[in-house]
Amino acid sequence: MKMLVIFEKTPRLRHIGHLDLMRAMQRALRRSGLPIAFSQGFNPHVLLNFAAPLSVGMPGKREIMEVPLDKGVCEGDFKKMISRALPPDLPCIAVRSVDDRHPAPMASLTAACYTAEFEHLPENFADTVSAFLEQKEIPAIRKTKSGMKPCDIRPMIHELAVEGNTLSMTLSLCEKATCKPDLLLSSLFEFAGMERPNALITRQQLLGGDAPNFMPLEML
Amino acid sequence: MKFCKGESHLNKQELMQLEQLLEQVQKPARYIGGEMNAVQKDWDKVDTTFAFCFPDTYDIAMSHLGMKILYHLINLREDALCERVCMPAADMADLMREKDVPLFSLESRKALNHFDIVGFTLQYEMSFTNILEMLNLGRIPVYAKDRNDTFPIVVAGGPCAFNPEPLAPFIDAFMIGDGEDVMNELIDVIRDGKKQGLTKMNILRNLAKVEGVYVPALYDAAYNEDGTLSSFTPNDPAAPAVVKKRVVKDLSAAVYPDSIPVPYTEIVHDRMVLEIMRGCTRGCRFCQAGMLYRPVRERSMDRLLELADKLQQSTGYEEMSLSSLSSGDFTCLPELISELMKRYKEKRVSVSLPSMRIDNIVKQSLEETQKVKKSGLTLAPEAGTQRLRDVINKGVTEEDLIRAVSDAFESGWSSVKLYFMMGLPTETDEDLQGIGDLARKVVRAYYAMPKEKRTKGVMVTCSASVFVPKPFTPFQWAAQDTIETVHEKQAALRQYLKQKCVNFKWHESHLSMLEACIARGDRRIGDVIYTAWKMGCRLDGWNEHFKFDKWLEAFEKCHLDPAFYAYRERPYEELLPWQFIDAGVSQEYLKRENEKAKAGAITPDCRHGCNGCGLQKWHVCDFVENPPLKDKPHRAEVAN
Ligand code: SF4
């Protein structure tokens, strides 16, 4: 069986890179006493899969990792044991057990919600956002595996809204089409003719399914 | 924006600034704390707050065992807390100064000047400018005399505290010897002093009465015309004329962490460490640690296994290393290793031995479990000829060495590192040639194996550091080679090591010269350190930051000559700046050993018969009664 673990990476730990986070989780699993599975070979390591790596500098509210287990454990026990083994800045929020044939979370991932918290946004910024979204096409340069590529990010923006000084957004996040919040913000502030202010960007939720009927990834 | 779960103690603006700095610096993960097992206590619920300062960057600090022991020990107290503070890298330090963010602790992000006690561990002379940098970034005046009652009391300990004089102007009190013992007494005295509203001076007087504590302000140093020390005496009745080092008698009963912070970011030694033994009886004449940490004390198997289990459960580390000055001498080493390997096989925890004797039993148990990475093998013959090895009392013979490497080659190793020192007393060109010969013989040992056993080809790396005479060693009176001589010797050695399959690495001679000046410096060296720091010296141990010309300028400005400290052979009659410290090992023994060195006579390992080093007077040494052994055990040391 496998356990899906929903956890938070707090702002304090936002500078921890993906590999460091993975090592931290492997050590937490080793501390937990849970029946974890190891890889074969000379330097065996704890098996686990993250749904999507978080960029360095970004906290995540409901991140997901999948942990294969050697023996069955009930959700309640698992949560209790993993919670004891996690540092305060990586709390476990929920767990869900699934069977081995359940598709890997990474395979079902399609999008994610983010927030960007600013010190201060101009009062009529909501109008700017509406105007931005009314564009038929939003050309941008996207970093891909095969280099910088021009593309249209409009179809990858599923939601963009302002509330106070916080911008929330739902953006595509999968193999075929990914729009990073960073790219969106650059393009938005360029459109607004403003210098881009500092913001704390947080990944709030990973999503699966198709627009407009996205679902929290852990529920799929 | 709120970034920290716990309440933060920098003020709001400083915190915002800090968060922005973290966006700009390299490896920001070094500054965030919040690791598993980091101890976050409530500041309002303790009497005494202690900042444990490591004068180097996080990745080095977090690899250091002493810090983990004392961090744990202080945090065990209900009335005190201990938080960690590390030296920021240059980019971070500059930005902090520019944006007015004070140096802060990893746990609560509290500025350094908010602590009651600020404690530095002194591991390396060339990190001393970092101490000034850290105090200054922490908004604390660097000179002790400029700190009134409102500032933290600044203390220091560790191996370099055995010659505390170069740091005397900056530190209020030094702890000499094993920290486990003296730390709690020091905290008690400061806590009580603060409660009673005593002045800093009176607290320091009370501290001076604690055995093993040295308060430099209570002593006066005077100098002869030729610059040597003429007298060193207490100026206060509270201060003892001789400061005796503290010794933990029973290591098994001593505090040892069963839980340690587990860093997120990679550090130098990212694993759990089990200190199996303290001290060394081999008596290498250049080795300061070997003298300072006497007598040898072993932890019991029961205690070690208990600690190993707890550490493994609390950290989740995948690797455990056994630590001591010469782990191969640990009485129950084979039993301990096989028991640990048995216990951790299923948990996939590997056990590594940083310093061990190639010994058949160990070899067998290693082969059984196949847990050792066959990447690099390190041996430290230290000198190239038997004559010079006898001078330094390094009891390794060429035969031992060749047997050790042949064994290793047979079991699959293919790269060997050989550590040497150059500039040892009495060294001649023949000894340097000897290094070349030894390298050649090691390569030959590889090719002596049948073809099918050879793996990918052999690589022998010879690394030669520059000898630095250290206090409390038989060579404490010796002259260091001048930089010119070192350069000539390095050039010669380069020739001798121009061989197939051999690689040569050498050390920065300028750094070693300064290390020698500071290691055997007196109080006046403090001003040189200050002047160098004022001129921008810091992180001197890092090649890219080391500014030798600035250091020379600092010596000149202080009217002191580096040659006086580094290149001069000191007569036995001279009063040495560290002579007021009783390290257990007596000056008479050191003299005797120095004379034997000159005669090329060896002194056997005292595990098999006491050599009367001086510690017998304290009744703390287990080996005093041991009868001498007839057969010399073989002694090649191996590290992986
Ligand atoms: S007292 Fe004797 S046995 Fe003990 S460390 Fe000194 S020389 Fe060795």
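In what follows, every heavy atom counts, from backbone to side chain, and hydrogens, waters and symmetry copies are set aside. Just so we're on the same page: letters track the sequence lines, and every chain starts at 1.
Neither the backbone nor the side chain of B/K27 comes within contact range of chain A, judged by heavy atoms closer than 4.5 Å. Interface remark: B/E266 contributes backbone and side-chain atoms alike to the contact with chain A (heavy atom separation under 4.5 Å).
Taking the centre of each ring, A/F38 and A/H45 stay at or above the 6.0 Å mark. The distance between the ring centers of A/F125 and A/F189 falls below 6.0 angstrom. For B/F52 and B/Y71, the distance between ring centers is not under 6.0 angstrom.
Annotation: residues 51-86 of chain A contacts chain B through A/R84, A/A85, A/L86 [non-hydrogen atoms, separation under 4.5 Å].
Nearest heavy atom pair, residue A/G41 against residue A/P44, reads O-CD, 3.7 Å. Residue A/L90 comes nearest to A/A24 through the heavy atom pair CD1-CB, 4.5 Å, listed as atom of the first residue, atom of the second, then distance.
Looking at B/E23 and A/R14, a side-chain N of the basic residue comes within less than 4.0 Å of a carboxylate O on the acidic one, giving a salt bridge.
Considering only heavy-atom pairs separated by less than 4.5 Å from chain A, the leading option among B/A38, B/A29, B/G34 is B/G34.
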For this session: Would you please test A/R27 and B/E318 for salt bridge (Lys or Arg N to Asp or Glu O under 4.0 Å) and show each step?
Result: CA-CA 8 Å; A/R27 286 177 180 161; B/E318 49 297 289; 2.9 Å; yes
